[in-house]
Q: 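Once you've had a glance at the structure underneath, I'll fire off some questions.
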Amino acid sequence: MPFQQIKFYQTGTFTVGNRLLDPAVRTVQSDARRSNALNCGHRACRGCGEALGARYAVDAAMRASDGNLVAVNATGCLEVFSTPYPETSWQVAWIHSLFGNAAAVAAGVVAAMKAQGKNEVRIIAQGGDGGTADIGLGCLSGMFERNDDVLYICYDNEAYMNTGVQRSGTTPPAARTATTPPVGAKPGNVFGQGKSVPLIAMAHSIPYVATASVAELHDLEYKVEKAIPIRGARYIHIHVPCPLGWGSEPHDTIKVARLAVESGLFPLFEAEYGDVTERTVIRHRRPAEEYLKLQKRFAHLFRPQRDEERIAAIQAIADRNIQRFGLQNGEARP
Amino acid sequence: MWKQIEGSRAIAETVAMCRPQVICAYPITPQTHIVEGLGELVKSGELAGCEFLNVESEFGALSVAIGASATGVRTYTATASQGLLFMAEAVYNAAGLGLPIVMTIGNRAIGAPINIWNDHSDSMSMRDSGWIQLFAETNQEATDLHIQAFRLAEELSCPVMVCVDGFILTHAYDRIDLPLQHQVDAWLPRFEPRQVLDPAEPVSIGAMVGPDAFTEVRYLAHNKQLQALERIPEISGEFYEMFGRESGGLLRPYRLDGAEIVVVALGSVNGTIQEAIDELRDQGVLIGSISICSYRPFPLEAVCRALMNAKRVVVVEKSLSVGLGGMLATDVQMALAGRRQKVFTVIAGLGGRPITKASLLKLFRQAKADALESVTFLDLNWNVINRQLARENATRRSGPAAESILKDLATLPTKMV
Amino acid sequence: MTKPFAITLDVGSSLVNHTGSWRTERPVYVDRLPPCNHGCPAGEDIQSWLYRAESGDYYGAWKSLVENNPLPAIMGRACYHPCESACNRARLDHEVNIHAVERFLGDEAIRRGWQFEPVAATGKHVLVVGSGPSGLSAAYHLARLGHKVVIYEAGPAAGGMMRFGIPKYRLPREVLNAEIARIEKMGVEIKLNTRVDDLAQVLETKEFDAVFLAVGAHVSKRAYIPAGDASRILDALGVLRSVDGGKPPELGRRVLVYGGGNTALDVARTAKRLGATETLIVYRRTREKMPAHDFEVQEAMEEGIQFRWLSTIKEAGEAQFKIEKMRLDEKDFPQPTGEFETIEGDSLVLALGQDVDLSFLERVSGLELADGVVKVDSQMMTGYPGVFAGGDMVPADRTITVAVGHGKKAARNIDAFLRGTAYQPTPKHELAAFDKLNPWYYSDAPETVQATLDAVRRQTTFDEVVSGLDESNALFEARRCLSCGNCFECDNCYGVCPDNAVTKLGPGNRFRFNYDYCKGCGMCAAECPCGAIQMVPETI
Amino acid sequence: MLSIAAFLEGRHAQAFPSFGSERMGAPVMAFCRISDRPIRSREPVTQPDALIIQDPTLLNQAGLFEGLQPEGYVLINSARSLDQLGVASFLKSLPQDHVLTVPATELALRYIGKPLPNSTLLGGFAAMTGELRLASVLAAIRQKFPSKIGETNAAAAEAAFEQVKQAVAQPPLEHLCAIREETHVEAD
């Protein structure tokens with residue numbers, strides 16, 4: 001049929017589902033039989049980006065592994081809101097040990113599966129930015145260096161939300177947290193050089209590294225489904241807004257994440273064996289300011305008066321990302 | 001099979017006979033030879049079907065072990081001293097999750113000042129973590145205890161530490177009767193996990209438990225150790241039936257017949273203590289000793305029974321609860337709660353200081369003469385102490401104690417060993 | 001295997017925790033009125049037939065289309081498509097080319113010979129006067145309701161203004177004939193060359209239970225222009241009609257057209273096709289003020305038609321016309337400037353608008369006339385019970401689309417009248433304005449530009465200027481629709497809910513909220529691309 | 001190797017280093033107990049029956065001979081005489097033939113090709129004390145170093161055994177013999 005090759009505009013190329021597509025090629029999230037790995041009844045805040053990102057990622061991993069999945073979880077919001085005794089929201093084999101050891105526990109699970117000859121079982125480890133970029137970095141690096149057969153997924157909401165929004169290694173410049181209050185001459189977080197776990201992961205030359213966002217479901221699922229079958233250490237860093245910690249509207253969670261991507265502040269790319277191989281080109285570029293304005297954690301950049309210097313400095317970070325990863329030219333992945 | 005062999009090597013070969021499926025290693029003296037040996041056995045293929053991971057830290061080592069054990073395989077690791085402290089968080093976690101991991105501790109002091117030599121401060125620091133702690137008196141027992149440890153751990157779904165005196169046992173070449181593989185296979189059942197990470201039967205392990213159930217969880221952990229009190233002697237008995245050797249058990253009495261003075265100690269020092277006891281017995285002194293193998297769970301009843309007729313109890317321990325005195329002594333006192341016997345604490349062998357028969361004889365004679373203080377520091381160099389204290393009294397800024405003491409030691413005549 | 005107490009839990013146990021109690025707002029699914037539907041004078045449900053068309057179900061789409069309009073092939077060509085002017089897609093890239101898809105469906109129906117199903121007869125008889133768009137539309141809708149309809153057409157062929165007012169190059173006659181024939185197949189009888197000179201007479205016969213008056217405005221307005229005997233002055237409709245009749249008038253090489261409406265353009269472009277080398281449109285105001293549709297002005301210019309803005313014709317001579325320049329006052333009314341000039345011209349065609357000949361109504365009692373049209377109530381009934389009127393005869397824009405809409409509305413009211421009831425239109429939904437949408441989810445897609453015949457060919461023949469879409473283009477175009485205000489099952493709400501509180505009911509059945517777990521975050525509403533979810537406060 | 005040799009003769013033996021953090025070349029001590037009954041004591045040897053000194057430069061170290069038994073043995077790795085080493089007078093209290101030197105390093109260089117006198121000295125020790133049979137010493141050496149190194153070490157030990165045997169009369173048998181060995185840490 002001639003129209004099969006045509007893109008679908010009414011159903012939108014970017015919507016979750018697409019009634020005109022063969023169900024087999026639709027997103028996992030559009031499937032009425034998706035695993036709902038993280039089920040109803042969890043105690044995450046309204047509009048929680050992490051809860052959304054976790055279900056996106058683990059459902060995709062479940063489909064890619066045909067249900068042969070074990071998940072290891074670091075301490076943090078995700079663990080606390082999903083498994084308060086006597087209820088668990090997880091529908092997959094799941095273990096929580098400590099804050100800083102998810103990567104190592106996962107390595108242990110892998111070793112045990114290998115020893116038992118259960119090579120079909122795929123292992124993921126997941127944690128927040130604190131458990132990944134800060135306290136868990138040692139174990140993570142060890143897992144990478146040994147090239148253990150683990151897919152580590154970091155849900156980055158850019159602060160220690162579980163303990164009440166304290167600064168983490170991935171908290172962006174100028175952001176207000178409980179430990180970087182908006183007071184004094186330079187309110188909010190310092191303008192440090194930042195800490196990019198994806199780049200740290202790439203420095204280990206592991207088979208696969210990717211960044212993803214809850215605003216780009218197709219892209220996210222593509223990356224998880226691509227990562228699952230790869231043998232060896234893999235890392236996916238997912239940007240997940242936190243309405244509570246960021247001071248954004250619960251219904252704006254995806255919008256905020258989208259602006260992070262479209263401003264260039266959160267670049268989407270893939271890397272294999274240490275080299276960037278793919279990037280997701282920005283469709284409609286937006287100024288960083290639009291992203292900042294939706295979040296109370298940046299309110300002090302605009303009130304009482306605009307902090308032109310620091311707004312420009314943040315825009316410069318976005319510009320650098322776009323230039324560095326070539327986010328505006330080149331072919332977007334179909 | 002008899003061998004003249006280093007303790008660490010004997011332990012490595014025996015652990016291998018228990019067919020663990022995951023072993024993780026991180027180097028720290030004096031435990032290192034054990035995992036080196038196991039690494040070699042895995043790489044050479046002698047220990048088949050086992051994954052050996054070189055991890056990035058002790059914290060990582062036990063974390064890997066937690067993951068592996070939760071996946072339902074027999075898991076082993078070893079550490080010592082600072083290493084045990086660095087994995088402390090995971091130590092409590094493994095016990096809390098009820099994972100039957102077996103871990104060897106090559107007992108060593110804890111800094112600062114950094115010290116690589118033997119005492120019990122490291123495992124003592126984890127005595128309340130929920131792990132079972134078994135102390136080996138000899139390298140033969142160290143070897144045998146590992147086989148028993150796996151059985152005990154897996155029966156109760158509770159992790160076990162086998163505490164082996166660093167250097168004194170780990171590095172000593174001894175005459176050891178190594179078990180045979182077929183014996184171990186016959187005696188040690190397959191590991192049947194109580195919980196396992198299995199996509200076919202998914203569960204969530206490691207939930208957050210609030211005030212409504214936390215006490216119950218903790219009580220159940222305590223109850224597990226009470227069950228261990230029953231099983232440890234039984235397992236020791238069953239071990240005897242297969243291997244024809246007495247190893248393990250709750251405690252081992254020595255010449256208690258009519259003993260008025262009873263010495264209590266953990267680990268390898270019991271050998272030297274027994275030498276001293278023999279000599280004193282020859283001189284007609286009514287003295288005996290008990291070597292405690294199971295420190296956690298602590299066998300209150302058995303200890304109480306063993307000390308029933310003693311007039312004085314001398315607890316020789318290689319650790320110090322700073323500001324209190326002895327930890328073992330405190331437990332012994334609890335065992336003797338309500339009885340009138342005197343319990344003396346002797347802090348000895350800290351940071352590798354040799355516990356000599358001579359010093360022990362002197363000590364026990366004092367005990368006989370009822371001339372012991374409630375807390376005694378064996379072979380304490382009072383010259384050094386007095387000078388430092390004097391300095392500190394003279395000026396508040398007296399500099400780091402350790403350095404000044406080393407200066408003193410250099411100027412004072414001291415016995416070189 | 002006895003699992004450890006409390007620290008190890010069985011999966012799915014969190015379902016006992018009904019987080020719905022956290023909610024302060026609840027999402028509800030709504031249907032909003034798409035701007036295209038809102039803007040269509042014929043009351044077409046455009047979105048619904050585009051929805052069917054985009055999945056390749058052309059028959060279904062056509063059936064849905066003719067629910068409201070029996071003339072898609074004609075309308076797809078001749079309608080000035082206000083739907084497209086209202087289309088939200090224009091805010092993204094370019095409005096959806098709705099008329100092209102409509103025309104594709106209409107042509108497809110003709111090609112495949114799709115017909116209307118016959119219905120059970122009610123035994124009622126209705127007379128329709130005039131077979132123009134509103135007459136045919138009314139006849140069609142009445143016939144679908146089971147009434148026997150007879151059309152009296154004064155002219156030699158059915159179609160009214162569609163046939164006599166719209167040039168072939170915009171509406172090929174075979175298309176017109178095909179869609180009229182389809183209506184006749186339903187049992188509608190068209191009596192040609194049957195002029196009603198006195199309606200009262202017809203009414204007295206009691207032959208009909210109701211009458212619908214749909215006579216077009218065929219009488220051209222005239223303006224007084226002093227003219228010499230030799231000067232050639234014609235009226236636009238006359239020219240167009242004679243061209244259709246096959247007896248083209250003598251216009252000469254240089255033709256002046258006086259007026260600014262669509263008819264002026266039609267006649268100018270016709271003159272060009274009749275061989276005029278120069279065709280000049282003279283209009284008293286500016287291009288911006290011109291009532292004609294801009295795209296027609298554009299096409300005319302492409303064909304070499306010239307324009308003289310701010311000008312009135314004062315005198316007509318043999319081959320010369322005196323023109324006065326005008327200026328617009330503050331109220332944008334043209335005022336004379338007293339500057340004159342003379343231009344050459346062989347003939348002048350007046351296109352100054354048309355009137356309806358209402359003389360045949362004079363004797364109908366109770367029926368009121370005012371400013372050249374018939375007064376009707378909200379049911380489109382005249383002062384005489386059972387006599388209804390629409391199209392050019394009533395106060396409204398005079399377009400075929402409006403006429404078709406009148407036909408439908410009148411038919412419904414006539415039906416109600418025949419049943420002794422009153423027609424109750426269903427209340428309209430809230431408008432699906434652009435700000436209700438989340439357009440991020442639609443990828444950019446430029447309008448498929450219909451291939452237009454090259455200008456040269458256009459000027460010499462009456463071939464259709466704008467050609468149709470092929471199937472894939474039509475499909476592409478249909479799929480540019482944003483489905484404003486109505487769920488198209490894109491699964492966004494189902495996908496973006498962090499609490500899995502949306503139940504997917506399967507194809508065609510849309511979704512249901514599970515309020516046991518919905519925390520009311522509103523993400524579904526924010527991310528619904530077409531604005532079909534609304535957040536309403538919880539009553540606590 | 002000493003303890004292994006004793007083990008091979010069916011005796012109980014215990015060997016352990018003076019546990020330290022020494023790096024190559026630093027002076028260290030190692031201890032060995034040999035007995036006919038199980039050895040329980042875990043204290044370092046403070047009153048040795050025999051003292052093997054691998055490096056004569058350590059001779060003037062304070063307390064080197066402290067605790068040495070009246071009937072004890074001293075074997076020194078040196079090509080020089082006791083007089084030349086200046087210890088003859090200091091050790092004259094010991095029985096004759098209980099204090100000897102043997103050029104173990106020279107022998108090692110000759111037979112092994114490396115200045116590693118350990119196993120060589122064991123041959124000398126066996127000859128001097130008669131505590132162990134040469135055969136068991138050689139077996140222990142071969143067990144410790146399989147392959148060619150074992151053979152060369154054994155050859156060196158045998159040579160030392162012969163040299164010392166020349167120098168001594170039939171020695172008395174001890175029942176418990178504790179040996180302290182003074183040496184430098186070697187890389188093996």
Side-chain angles (χ1 to χ4, degrees), chain A residues 37 62 65-73 75 79-118 120-123 125 135-136 138-146 148 150, chain B residues 19-24 26 48-75 77 86-87 89-90 92-94 96-97 99 101 193 195-214 216-217:
Chain A
M62 280 292 275
S65 66
D66 195 16
N68 282 315
L69 194 74
V70 172
V72 178
N73 217 118
T75 307
E79 162 265 328
V80 170
F81 74 61
S82 65
T83 55
Y85 164 81
E87 303 151 11
T88 176
S89 306
W90 292 102
Q91 312 238 73
V92 296
W94 180 93
I95 183 172
H96 158 249
S97 173
L98 294 168
F99 198 3
N101 72 351
V105 172
V109 175
V110 167
M113 289 294 179
K114 201 168 162 204
Q116 294 171 305
K118 297 182 182 170
E120 72 285 1
V121 181
R122 310 304 287 142
I123 314 303
I135 197 172
C139 287
L140 185 64
S141 172
M143 185 273 273
F144 287 159
E145 173 275 320
R146 291 186 303 271
D148 294 322
V150 175
Chain B
R19 304 188 189 278
Q21 289 180 278
V22 173
I23 296 171
C24 23
Y26 188 80
C50 177
E51 294 295 314
F52 185 92
L53 284 81
N54 287 296
V55 294
E56 69 288 340
S57 73
E58 286 89 358
F59 178 66
L62 192 53
S63 298
V64 168
I66 286 169
S69 185
T71 310
V73 302
R74 187 167 289 162
T75 309
T77 187
F86 191 52
M87 67 166 63
E89 193 188 7
Y92 274 75
N93 187 255
L97 294 176
L99 299 173
I101 299 161
Q195 58 184 348
V196 58
L197 287 168
D198 176 5
E201 283 180 56
V203 290
S204 297
I205 301 175
M208 181 189 210
V209 178
D212 49 343
F214 195 80
E216 287 68 21
V217 172

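Convention: sequence-line order gives letters A, B, ...; per-chain numbering from 1.
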Q: Can you confirm whether B/Thr71 sits close enough to A/Gln116 that some side-chain heavy atom of one is under 4.5 Å from a side-chain heavy atom of the other?
A: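 In contact.
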Q: Give me the atom names and distance for the closest heavy-atom approach of A/Ile95 to B/Ala70.
A: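 Distance-wise, the nearest heavy atoms are CD1-CB, 3.5 Å.
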Q: Pick one: which of A/Val70, A/Asp66, A/Leu69 meets side chain to side chain contact (heavy atoms under 4.5 Å, CB included) with B/Pro199?
A: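 Exactly one option meets the side chain to side chain contact (heavy atoms under 4.5 Å, CB included) with B/Pro199, and it is A/Val70.
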Q: Given a strict heavy-atom distance threshold of 4.5 Å, which part of B/Val203 is in contact with chain A: side chain, backbone, both, or neither?
A: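 When you check distances to chain A, only backbone atoms of B/Val203 fall under 4.5 Å.
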Q: Looking at every heavy atom in both B/Leu197 and A/Ala93, which two are closest together, and how far apart are they?
A: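 Minimum heavy-atom separation between B/Leu197 and A/Ala93: CD2-C, 4.1 Å.
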Q: Chain A: which of B/Gly49, B/Gly96, B/Ser63 shares the most heavy-atom pairs with it under 4.5 Å?
A: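 Highest number of heavy-atom pairs under 4.5 Å: B/Ser63.
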Q: Please classify the contact between B/Ala94 and chain A as side chain, backbone, both or neither, with a heavy-atom cut-off of under 4.5 Å.
A: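 Nothing of B/Ala94, per the 4.5 Å heavy-atom cut-off to chain A.
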Q: Step by step, would you call A/Asn101 with B/Glu89 a side chain to side chain contact (heavy atoms under 4.5 Å, CB included)?
A: CA-CA 10 Å; A/Asn101 72 351; B/Glu89 193 188 7; over 6 Å; no
Q: Answer with side chain, backbone, both or neither: which region of B/Leu97 has an atom nearer than 4.5 Å to a non-hydrogen atom of chain A?
A: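 Side chain only.
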Q: Tell me, for A/Val72 versus chain B, whether the close heavy atoms (under 4.5 Å) come from the side chain, the backbone, both or neither.
A: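 Answer is neither: A/Val72 stays 4.5 Å or more from chain B.
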Q: Give the member of A/Gly142, A/Ser97, A/Gly138 that has the highest number of heavy-atom pairs under 4.5 Å with chain B.
A: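 Most pairs with chain B among the choices: A/Ser97.
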Q: Considering non-hydrogen atoms only, spot the tightest contact between B/Met208 and A/Val80 and give its length.
A: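 That would be SD-CG1, 3.7 Å.
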Q: Would you please test A/Arg146 and B/Val55 for side chain to side chain contact (heavy atoms under 4.5 Å, CB included) and show each step?
A: CA-CA 8 Å; A/Arg146 291 186 303 271; B/Val55 294; 4.0 Å; yes
Q: Is there any ring pair (Phe, Tyr, Trp, His ring centres under 6.0 Å) pair reaching into residues 84-111 of chain A, and which pairs are they, with sequence neighbours excluded?
A: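 Found A/Tyr85-C/Phe5, A/Trp90-A/Trp94.
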Q: Is chain B contacted by the side chain of A/Glu87, its backbone, both, or neither, given a heavy-atom distance below 4.5 Å?
A: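 Neither part.
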Q: Could you grab the distance from atom CZ of B/Phe59 to atom CD1 of A/Ile135, nearest 0.5 Å is fine?
A: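 Between B/Phe59 CZ and A/Ile135 CD1, I get 6.5 Å after rounding to 0.5 Å.
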Q: Which region of A/Ala106, side chain (C-beta onward) or backbone (N, CA, C, O), has a non-hydrogen atom less than 4.5 Å from a non-hydrogen atom of chain B, or is it both or neither?
A: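 It is neither, since no heavy atom gets under 4.5 Å.
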Q: Which atoms of B/Asp212 come close to chain A, meaning under 4.5 Å heavy atom to heavy atom: side chain ones, backbone ones, both, or neither?
A: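 Side chain of B/Asp212 only, per the 4.5 Å heavy-atom cut-off to chain A.
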Q: Once you round to the nearest 0.5 Å, how far does OG of B/Ser204 lie from CD of A/Gln91?
A: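 Output value for this atom pair is 9.0 Å.
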Q: Between B/Ser57 and chain A, which part of the residue has a heavy atom less than 4.5 Å away: side chain, backbone, both or neither?
A: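 Looking at B/Ser57, nothing touches chain A.
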